[in-house]
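Okay, structure first, notes after.
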Amino acid sequence: MAKEKSSSVKPEKKEKKSEDGKIAKKEHKKDKKEKKEKLAAVLTGDVSDKLLKVIEEASAEKKEKKDKKSKKDKSEESEPVKDVEMERADIIVPVVEAKKEQIAVAEGGDILVPFATPLANEKVTKKALKTVKKGAKSKCLKRGVKEVVKAIRKAPASTSSAPHGLVILAADISPMDVISHIPVLCEDQNIPYIFVQSRAELGAAGGTKRPTSVVMIVPTLGKGKKSKDGKDGGKEKEKDDEALKESYEDLVKAVKSVS
């Protein structure tokens with residue numbers, strides 16, 4: 001009988017313990033829910049607004065500080081650059097002005113080569129172009145750098161009173177190295193030379209559509225050649241030769257007076 005009593009008591013105790021545990025769990029869950037609800041209420045209430053304001057103010061201060069630093073850095077960098085630019089301007093401006101004074105410009109606006117001396121004035125230019133036209137008509141003209149250089153080198157030794165030919169150069173040539181060596185060759189061979197302002201006018205006078213950098217008038221070049229009619233020493237050719245000789249001599253005198 002005693003054993004039966006003890007066995008009946010044990011399950012009753014177990015049932016009580018399980019019920020107590022369930023009640024405790026329920027209470028714990030309730031406490032958690034209450035705490036969460038309180039926190040949510042706090043965050044959604046006035047406290048959350050205050051926190052947001054504080055965060056916004058802090059972020060605005062950080063941005064202001066960054067902007068101020070960036071402005072300072074930019075100002076520090078720009079100040080020395082401005083000083084350097086001003087120094088460069090002070091150096092460049094007088095140099096450019098000096099170069100402008102040294103550079104000669106043609107009437108059409110083209111820049112003339114710096115070694116264009118002697119440079120023909122209007123009267124001498126007209127004489128030179130007329131003589132070139134007469135030389136082209138009498139076939140006493142060399143055109144272009146190659147032909148002129150060959151003619152100068154092959155020319156016999158001439159005197160200042162009776163030069164073998166006369167060279168006319170265009171002063172508006174670019175690059176200038178194309179004709180820079182020709183004046184030296186002319187001086188070595190005692191051949192007079194002169195510059196005119198326009199290569200286009202020089203080419204037109206020489207009977208070519210293209211601009212010409214240099215021509216050489218050689219009066220003796222057309223001697224012995226047949227005229228257009230196929231006759232030696234025709235009247236027309238004699239007239240042309242005489243006209244060329246006269247204008248050539250006048251041009252040589254004008255070039256010597258200019259140089």
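Starting from 1, each residue takes its place in the sequence as its number.
- Evaluation of the side chain to side chain contact (heavy atoms under 4.5 Å, CB included) rule for A205 yields L129, V132, K133 as partners, not counting sequence neighbours.
- Looking at K134 and S247, their side chains come closer than 4.5 Å, going by heavy atoms from C-beta outward.
- Contact record, A151 with K142: CB-CG, 4.1 Å, taken as the closest heavy-atom pair.
- Under the rule for a side chain to side chain contact (heavy atoms under 4.5 Å, CB included), A204 has no partner lying at least two apart in sequence or in another chain.
- With sequence neighbours left out, T208 forms a side chain to side chain contact (heavy atoms under 4.5 Å, CB included) with R143, T212.
- Taking all atoms of both residues into account, the shortest heavy-atom contact from I173 to V113 is O-CG1, 3.5 Å.
- Closest heavy-atom contact between L112 and Q197: CD2-O, 3.9 Å.
- With sequence neighbours left out, the side chain to side chain donor-acceptor pair (under 3.5 Å) criterion links Y193 to E187.
- Side-chain atoms of E249 and P219, non-hydrogen and from C-beta on, never get closer than 4.5 Å to each other.
- Under the rule for a side chain to side chain donor-acceptor pair (under 3.5 Å), E246 has no partner lying at least two apart in sequence or in another chain.
- L244 places a side-chain heavy atom less than 4.5 Å from the side chain of T131.
- When all heavy atoms of G165 and P192 are compared, the closest pair comes out as O-CD, 3.4 Å.
- Partners of V145 by side chain to side chain contact (heavy atoms under 4.5 Å, CB included), not counting sequence neighbours, listed by chain and number: V149, V178, I179, H181, I182, S213, V214.
- Every pair passing salt bridge (Lys or Arg N to Asp or Glu O under 4.0 Å) that includes a residue from residues 196-212 is listed here, sequence neighbours excluded: D172-R199.
- Considering every non-hydrogen atom in both P163 and N190, the closest pair reads CB-O, 4.1 Å.
- Of the residues listed (L166, I152, L141), the one engaging M216 in a side chain to side chain contact (heavy atoms under 4.5 Å, CB included) is I152, and it is the only one.
- Between F115 and F195, the shortest heavy-atom distance links the atoms O-CE1, 3.6 Å.
- One finds the NZ atom of K256 at 12.5 Å from the CD1 atom of I194 (value rounded to the nearest 0.5 Å).
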